[in-house]
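Inspection log for the structure reproduced underneath, given as structure tokens.
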Amino acid sequence: MTTSILSKVEQGVATLTLNRPKEMNSFDGDTARLIIDAVEAFGADENVRVLVVAGEGPAFSAGGDFNWVLTWPGLDAITRKVGADAMMGAVQAIYDFPKPSIARVHGAAVGGGVGVMLACDYAVASTTARFGLTSARNGLLAGIAIPVLIQAVGPRKARQLLMHGGIFDAATALDIGLVDRVVDAAALDAAIAELADDLKRGAPSVQTLVKELITEIDGMTHDSQVAELIGEHVAAQCTTVDAIEGMSAFLNKRKPRWAA
């Protein structure tokens, strides 16, 4: 039986692959819940240092399954809300993943697929990738992409992309800050592997703390409260096992245990 997601762990890198190529790796409620379960399992696995999100076949992801959403008008309000919550939950699970994450983007990343991509900490795309917040042209709202889209490109550009609904290329995506790096299609896997290896050199506890703090601070007024919060965490981190190991490794001119 074919599963709508594939997952594996190799050398500390977990790969979650959306596996509905005929549907452009769009996802329905059941697939969204599988994504949530897989991401949470990877987050709890101490052997996993980095998460890579990818798509099987010719596309990265088209977000919510259009054929599934077409059934919503005939459903009751509670059932529609459950479906929407599942899609939002999948993107949120990736965003909340407590370790570094990378989107491997090829082919099309459109609609909610852009949300899946931007939920990752890094997005590396092939030169042939295409992007678009196309839902407006179908009378729909790419809601699952909105929070991470605003964070990536700012509110003004987010409004423009969501209202326009057109398709654009990887160079444009890089220019507006939607992706972090663009490489030839043949070099995509090597670029992902290189970035994952670089990320594994960082202390796990610091990387998790960074993700938590950035999210918390982003919602705060930048005043003395922020300075106090950061000061507390800086002082506390210095006493952790990772900090002691990291300083010892530096002084002894060796790699820390997590990077060995």
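Both backbone and side-chain heavy atoms feed into the values below; hydrogens, waters and symmetry mates do not.
- Judged purely by atom type and a 3.5 angstrom limit, K157 has no side-chain atom pairing as donor or acceptor with the backbone of G177.
- When each of L51, V50, L16, V39 is checked for a side-chain contact (heavy atoms from CB on, under 4.5 Å) with S101, only L51 meets the rule.
- Distance alone, capped at 3.5 Å, places no donor-acceptor pair between the R104 side chain and the D189 backbone.
- Partners of A119 according to the side chain to side chain contact (heavy atoms under 4.5 Å, CB included) rule, which considers only residues two or more places apart in sequence or in another chain, are V91, I94, Y95.
- Looking at heavy atoms from C-beta onward, K8 lies out of side-chain contact with V13 at the 4.5 angstrom threshold.
- Taken together through direct or relayed side-chain contacts under 4.5 Å among Ile, Leu, Val, Met, Phe, Trp and Tyr, F60 and I5 form part of one hydrophobic cluster.
- Checked by atom type, the side-chain pair T31/D28 shows a donor-acceptor distance below 3.5 Å.
- Checking side-chain atoms of D65 against main-chain N and O of S26 turns up no donor-acceptor pair under 3.5 Å.
- When the side chain to side chain donor-acceptor pair (under 3.5 Å) test is applied to Q92, the partners found at least two apart in sequence or on another chain are D96.
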Quiz item: Where do D121 and K211 land on the side-chain contact (heavy atoms from CB on, under 4.5 Å) test, with the steps shown first?
Solution: CA-CA 9 Å; D121 299 312; K211 296 190 70 166; 2.8 Å; yes
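- Here the side chain of D76 pairs a donor or acceptor atom with the backbone of I78 at under 3.5 angstrom.
- Judged by distance alone, the side chain of S248 and the main-chain N or O of I244 form no donor-acceptor pair under 3.5 Å.
- A donor-acceptor pair is defined here as one N or O able to donate and one able to accept, closer than 3.5 Å; no such pair exists between the side chain of K255 and the backbone of A249.
- One hydrophobic cluster, built from ILVMFWY side chains closer than 4.5 Å, cannot hold both F97 and V124; they sit in different ones.
- Between L140 and W72, every side-chain heavy-atom pair lies at or beyond the 4.5 Å cut-off.
- In this structure a side-chain-to-backbone donor-acceptor pair under 3.5 Å is present from N25 to R20.
- Using modelled atom types, one side-chain atom of K99 and one backbone atom of V48 make a donor-acceptor pair closer than 3.5 Å.
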